[in-house]
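Below is one structure, written out as structure tokens; the observations come after it.
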There are 2 protein chains.
Amino acid sequence: MRWQDIDQQPCSLARSLAIIGDNWTLLVLRDCFLGVRRFDDFQQRLGVTRHVLSDRLRKLADGGVLEKVAYQERPLRHEYRLTPMGRDLYPVIAHLAQWGDKYLAGDAGPPLVRVHRQCGEPLEAKLQCGHCGDSVEPKDIRLEENPHWAGQLLPTQAG
Amino acid sequence: MRWQDIDQQPCSLARSLAIIGDNWTLLVLRDCFLGVRRFDDFQQRLGVTRHVLSDRLRKLADGGVLEKVAYQERPLRHEYRLTPMGRDLYPVIAHLAQWGDKYLAGDAGPPLVRVHRQCGEPLEAKLQCGHCGDSVEPKDIRLEENPHWAGQLLPTQAG
DNA sequence: AACAGTTAGTTCCAATTAGGAACTGATAGT
DNA sequence: ACTATCAGTTCCTAATTGGAACTAACTGTT
């Protein structure tokens, strides 16, 4: 199976990765959350080649994560802004950054601290159940298959 | 800049992506959380080519996300298990899957429902501040630079 | 003893993608 | 007329991927 065909799988993670799972794409989104909007700014901050950046921005716009907004006419130029769909990716980025802070920071410590404005403390992101409010770990989750794909998604218990 | 050199950037997200940001890697981890442990099982479920799978498993093991455990001698064979570091990626996967459920599900609806065992309700993952317990959105976060990289990480306010 | 089966990879080759640098086009400022 | 801005595109080489076959070290079966 080709990587570019994973959007056709009946798996929400696979479909998500079809839009944001390419190399560089999550770094583009990191910069979007930092307020970067223009092609050359992305290119200089990331150091990615221009045609890879062009491809990633097009995929993000086609996927609905970013929208292309004209910021001037003559010559017509566009910038890229997060849509609500894109903003919904913030928890993914926050958890990934926190994971890097925890396991991969060098001697100087984490490069950025994310302070929660409301309480003034560094954010300690946790996965919590929106219904009961408890912290959630992998073992707390039971998976239920949609009957439409019954038996096709989960591995057979063999070990 | 080459993609394989992003682990040298002083950005926790970039360093995280150096380990888990390649194509296929998060799908390998999805299967790990479903209990898949063996090479051929990953290969058949994912449809990825064997040498890409081999490469990704090696990177995950080198990065500390998976550990290679011998499950038999004669002939010596290993399986791959999540480490605590790997298990800490669960929030990332849960949020990505939920995002796909919300925006990318087809007519049949999301393929899997993640039920929180403790409360019996479908998990609605939310990003919450571990300190005050409030839900957190991008605008609620203020970034503080580590003085060691002062002025080098955040974009200059220009737009 | 000969043969098929299991299983974690490796090897080979063609096709695709990435990296690097230069170039384009429309326009503004000097 | 010349330089700068800025979002791309084009060109070429190098690296990676996809697909299929192959290897090695056994076990179980005829």
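Proteins come first, then strands; the chains are lettered A, B, ... in the order of their sequence lines, and each starts at number 1. Quantities reported herein were computed from a predicted structural model and do not represent experimental measurements.
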Would you say Tyr80(A) reaches dG8(D)'s phosphate, i.e. side-chain N/O to OP1/OP2 under 4.0 Å?
-> yes
Consider only side-chain N and O atoms of Gln118(B) and Asp140(A), and report whether a donor and an acceptor are under 3.5 Å apart.
-> yes
Roughly, in whole Å, what's the span from CZ in Arg38(A) to P in dA7(D)?
-> 7 Å
Give Phe42(A) one of three labels, base, sugar-phosphate or nothing, depending on what nucleic acid heavy atoms sit under 4.0 Å from its own.
-> nothing
Report yes if the distance between the aromatic ring centroids of His95(A) and His95(B) is under 6.0 Å, otherwise no.
-> yes
Please state how far atom CD in Gln43(B) lies from atom P in dT17(D), giving the value in whole angstrom units.
-> 15 Å
Phe39(A) CZ to dT24(C) P, in whole Å, measures 17 Å
Which atom pairs link the protein and nucleotides 3-6 of chain C when you take only N or O atoms and keep those under 3.5 Å?
none

dG18(D) P sits how many Å from Leu46(B) CG, rounded?
-> 12 Å
When you measure from every atom of DNA chain C, which of residues 1-24 of chain A have a heavy atom less than 4.0 Å away?
-> Gln4(A), Trp24(A)
Could you check if a side-chain atom of Gln98(B) sits within less than 4.5 angstrom of a side-chain atom of Ser12(A), using non-hydrogen atoms only?
-> no
Considering only NZ, NE, NH1 and NH2 on the basic side and carboxylate oxygens on the acidic side, decide whether Lys126(A) and Glu124(A) come within less than 4.0 Å.
-> no
With a cut-off of 6.0 Å (strictly less than), are more than 12 heavy atoms of other residues, nucleotides or ligands near CZ of Arg117(B)?
-> yes
Working to the nearest 0.5 Å, report the span between NZ of Lys68(A) and NE2 of His78(A).
-> 5.5 Å
So which of residues 49-74 of chain B are in contact with DNA chain C, with a heavy-atom cut-off of under 4.0 Å?
-> Arg50(B), His51(B), Ser54(B), Lys68(B), Tyr71(B)
